[in-house]
Amino acid sequence: MSTSLYQDLNLRFNDFKQHNLVALHHFDSDWQSWEIHPHGEEMVMLLEGEITVVLKTPSGEQSQKLSSAGDYVVIPRNTWHTARTNTLANVLFITPGEGTQHKAGE
């Protein structure tokens, strides 16, 4: 995923006010950043491969492994999250893009 993806789309779509982003991403390594969506839940669906979605919660990190096509997770609003994998994964994201923030991995 391009580090300027949201910046570029924010300019084009008025900071995603009242818009959702539907995106298909192909990746084969851990994300190098965390992200958060303050304006709604994000749906992440595995189409191929295998990933582990990691959420930062008040009680610590929680992991959800997606290993079969059609497996999905709904990421709660205002929850920092990242993805980990070491195989090629094709993943569908439906994201409330307004106000999305990113921070470097820890």
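Excluded from the calculations below are hydrogen atoms, water molecules and symmetry mates; all remaining heavy atoms, backbone and side chain alike, are included. This is a predicted model, so every value here is computed, not measured.
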| field | Criterion side chain to side chain contact (heavy atoms under 4.5 Å, CB included) on Leu66 and Thr52, from CA distance to verdict | value | CA-CA 6 Å; Leu66 307 179; Thr52 299; over 6 Å; no
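- Side-chain contact check for Thr85 versus Phe27: some heavy-atom pair is nearer than 4.5 Å.
- Tyr72 and Ile51 are not part of a single hydrophobic cluster, where members link through side-chain heavy atoms under 4.5 Å apart.
- No hydrogens or angles considered: nothing links the side chains of His102 and Ser33 as a donor-acceptor pair under 3.5 Å.
- Both Val54 and Trp80 belong to a single network of hydrophobic side chains, linked directly or stepwise wherever heavy atoms of I, L, V, M, F, W or Y lie under 4.5 Å apart.
- Between the side chain of His81 and the main chain of Glu35, a donor-acceptor pair closer than 3.5 Å is present.
- Transitive grouping of hydrophobic side chains (ILVMFWY, heavy atoms separated by less than 4.5 Å) brings Val74 and Met45 into a common cluster.
- Between Trp31 and Phe93, the ring planes are tilted. Angles from 30° to 60° get that label.
- Taken from OG in Ser29 to CZ in Arg84, the straight-line distance is 12.5 Å, to the nearest 0.5 Å.
- Residues Asn78 and Ile36 have side chains in contact (heavy-atom distance under 4.5 Å, counting atoms from C-beta outward).
- Ile94 and Val44 end up in different hydrophobic clusters when Ile, Leu, Val, Met, Phe, Trp and Tyr side chains are linked at under 4.5 Å.
- Follow the hydrophobic side-chain contacts under 4.5 Å out from Leu24 and you never reach Leu46; the two are in separate clusters.
- For the atom pair CG (Asn86) and CG (Asp30), the distance works out to 7.5 Å, reported to the nearest 0.5 Å.
- Glu41 is linked by a salt bridge (Lys or Arg N to Asp or Glu O under 4.0 Å) to nothing, counting only residues two or more places apart in sequence or in another chain.
- Considering only heavy atoms from C-beta on, Trp34 stays 4.5 Å or farther from Gln101 through its side chain.
- With Leu47 as the fixed residue, the side chain to side chain contact (heavy atoms under 4.5 Å, CB included) test singles out one of Asp71, Val91, Leu92: Leu92.
- Counting only residues at least two apart or in different chains, salt bridge (charged side-chain N to carboxylate O under 4.0 Å, His left out) contacts with residues 43-52 comprise Glu50-Lys65.
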| message | I'd like to know whether Lys56 forms a side chain to side chain contact (heavy atoms under 4.5 Å, CB included) with Thr79, so could you lay out the CA-CA distance, the side-chain angles of the two residues, the decisive distance to 0.1 Å, and finally the verdict. | response | CA-CA 6 Å; Lys56 282 194 179 188; Thr79 302; 5.6 Å; no
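- The main-chain N or O of His39 is found under 3.5 Å from a side-chain atom of Arg77 such that the two form a donor-acceptor pair.
- Within the model, atoms CG of Asn90 and CG of Asp28 stand 10.5 Å from one another, a figure rounded to the nearest 0.5 Å.
- Between Glu61 and Leu55 there is no side-chain heavy-atom pair separated by less than 4.5 Å.
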